[in-house]
Amino acid sequence: MKKVKKAIIPAAGLGTRFLPATKAMPKEMLPIINKPTIQYIVEEAIEAGIEDIIIVTGKGKRAIEDHFDNSFELEERLLESGKLKLLEEVLRSANVDIHYIRQKEPKGLGHAVWCARRFIGNEPFGVLLGDDIVTGPVPCLRQLINEYETTERSVIGVQQVADEETNRYGIIDPSEQNGRLYKVKQFVEKPALGTAPSNLAIMGRYVFTPQIFDYLERQEIGAGGEIQLTDAIQKLNEAESVFAYNFEGTRYDVGERLGYILTTLDFALKTNDLRAPLLQAMAAYLEKEASISLK
């Protein structure tokens, strides 16, 4: 059995929910405290044992390549000034080879993954979406790789969501359960409210066998007028079982504005030098809001 050593990070989206900030800056470069969101994703892949990453970009995404490039002048200055901890942060993504390819047309997530097919070749691989940051003692992708090594089948990361949010996600229809692992009858892309077969939602982490490319190659346009990855997963599931795994960890949605703000607050509260002043500032805001509401 081939090991999972490669991963795809799709990063070609326009980021319209964050306009006008994303007019000139890729949404993947928006920072959570002092680190771009995409760096959290890359670091998860490294911690999961990934050795080669291909980032699928689009027009106006050059800043991502610049960020992960070496900056010798900066690194030398940090070394000379004794800022070794900061230098370690800057060099953290140097433990993996990062490659780039452009998605020339905005045809959806399924098409973005398909664009990396020649880089992957005939190997199993991971996919990590940049709209979801996952924290926990074991990297989310590593958990899925562990399950792949047991089943030798594609494994999709899922977590439970509120029933009223199921129309926002791909949802699984499980047929069997073994602990956190599910055998899946059907994968449904963004079902209408009240029609979802479960509340187990696909959360932006995948491990695929290379056979997924056969279905992405001939996948028809789906929901939203795009080539949907979930539709291709269902086709693959009909040919060979695709499993879902309810991974452990906290998932942060940074793909929309409120989720991005809440993620930033949560990460700040876990940062030693920011926690106390932030709590003080939040208390002052709450007191101010309370006094306004009483008037």
Side-chain angles (χ1 to χ4, degrees), residues 1-13 25-32 34-76 78-79 84-104 109-135 138-146 148-149 154-155 157 204-213 216 229:
M1 179 182 65
K2 294 183 178 179
K3 297 291 186 180
V4 179
K5 295 297 182 183
K6 295 180 179 179
I8 301 171
I9 301 178
M25 175 190 291
K27 69 171 183 176
E28 296 82 7
M29 290 300 296
L30 294 173
I32 305 295
N34 60 339
K35 189 186 297 184
T37 56
I38 195 170
Q39 186 164 335
Y40 289 96
I41 312 304
V42 168
E43 289 176 3
E44 179 189 329
I46 294 171
E47 291 170 11
I50 296 299
E51 297 175 359
D52 286 278
I53 294 173
I54 186 164
I55 300 178
V56 182
T57 66
K59 185 177 180 181
K61 302 281 186 168
R62 182 61 185 269
I64 296 174
E65 297 182 37
D66 290 341
H67 176 73
F68 289 111
D69 200 358
N70 288 98
S71 179
F72 297 108
E73 182 179 345
L74 172 62
E75 293 161 16
E76 188 69 22
L78 291 174
L79 182 62
L84 302 183
K85 189 172 182 179
L86 194 53
L87 177 60
E88 182 183 349
E89 286 287 331
V90 170
L91 293 175
R92 183 167 290 180
S93 59
N95 295 324
V96 67
D97 289 327
I98 300 180
H99 314 261
Y100 302 90
I101 190 170
R102 278 201 173 191
Q103 182 185 25
K104 297 178 181 178
L109 175 59
H111 180 259
V113 172
W114 178 81
C115 286
R117 66 199 181 282
R118 291 191 178 91
F119 171 82
I120 297 299
N122 191 34
E123 298 181 38
F125 62 99
V127 175
L128 305 94
L129 303 191
D131 286 348
D132 298 292
I133 294 174
V134 182
T135 62
V138 178
C140 179
L141 186 62
R142 182 69 252 175
Q143 296 178 51
L144 301 188
I145 291 173
N146 291 342
Y148 164 78
E149 291 175 349
S154 299
V155 184
R205 296 294 185 274
Y206 314 78
V207 171
F208 289 118
T209 62
Q211 283 69 36
I212 188 68
F213 292 120
L216 289 172
L229 181 58

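Values below: every heavy atom of this structure, side chains too, minus hydrogens, waters and symmetry copies.
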| task | Walk me through it: do Arg205 and Ile41 pass the test side chain to side chain contact (heavy atoms under 4.5 Å, CB included)? | result | CA-CA 10 Å; Arg205 296 294 185 274; Ile41 312 304; 3.6 Å; yes

How long is the span from the [atom1] atom in [X] to the [atom2] atom in [Y], to the nearest 0.5 Å?
X	Y	atom1	atom2	answer
Cys140	Ile145	SG	CD1	10.0 Å
Ile9	Thr57	CD1	OG1	12.0 Å
Lys27	Asp131	NZ	CG	3.5 Å
Glu43	Ile38	CD	CD1	11.5 Å
Leu109	Leu129	CG	CG	5.5 Å
Lys35	Met29	NZ	CE	12.5 Å

Using modelled atom types only, decide if a donor and an acceptor are shared between the side chain of [X] and the backbone of [Y] within a distance under 3.5 Å.
X	Y	value
Lys61	Gly13	yes
Lys2	Asn122	yes
Glu44	Leu141	yes
Ser154	Thr209	yes

| request: Given side chain to side chain contact (heavy atoms under 4.5 Å, CB included), test Ile53 with Asp97 step by step and report yes or no. | output: CA-CA 6 Å; Ile53 294 173; Asp97 289 327; over 6 Å; no

Looking only at non-hydrogen atoms, find the nearest pair between [X] and [Y] and report the distance.
X	Y	answer
Glu28	Ala12	OE2-N, 4.4 Å
Val4	Gly126	CG1-N, 3.9 Å
Pro36	His67	CG-CE1, 3.6 Å
Pro26	Ala63	CD-CB, 3.9 Å
Gly121	Pro210	O-CB, 3.7 Å

| query | By side chain to side chain contact (heavy atoms under 4.5 Å, CB included), which residues pair with Ile54, not counting sequence neighbours? | reply |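 Ile54 satisfies side chain to side chain contact (heavy atoms under 4.5 Å, CB included) with Ile8, His99, Ile101, Ala116, Phe119 only.
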
| task | With sequence neighbours excluded, tell me which residues meet side chain to side chain contact (heavy atoms under 4.5 Å, CB included) with Lys5. | result |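 In terms of side chain to side chain contact (heavy atoms under 4.5 Å, CB included), with neighbours along the sequence ignored, Lys5 is linked to Lys3, Glu51.
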
| Between Ile212 and Trp114, is any pair of side-chain heavy atoms under 4.5 Å apart? |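 They are not in side-chain contact.
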
| request: Take Val155 and Gln143 through the side chain to side chain contact (heavy atoms under 4.5 Å, CB included) test and state the conclusion after the steps. | output: CA-CA 10 Å; Val155 184; Gln143 296 178 51; over 6 Å; no

| message | Can you tell me which residue among Tyr206, Tyr148, Phe213 is in a ring-ring contact (aromatic ring centres under 6.0 Å, His included) with Phe125? | response |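 With Phe125 as partner, Tyr206, Tyr148, Phe213 yield a single ring-ring contact (aromatic ring centres under 6.0 Å, His included), made by Phe213.
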
| field | Carboxylate-amine/guanidinium contact Arg142 Glu149, below 4.0 Å | value |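 A salt bridge is present here (some side-chain N lies under 4.0 Å from a carboxylate O).
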
| task | Let me see the working for Ile55 and Phe68 under side chain to side chain contact (heavy atoms under 4.5 Å, CB included), right down to the final yes or no. | result | CA-CA 11 Å; Ile55 300 178; Phe68 289 111; 4.3 Å; yes

| For Asp69, all residues meeting salt bridge (charged side-chain N to carboxylate O under 4.0 Å, His left out), sequence neighbours excluded | none

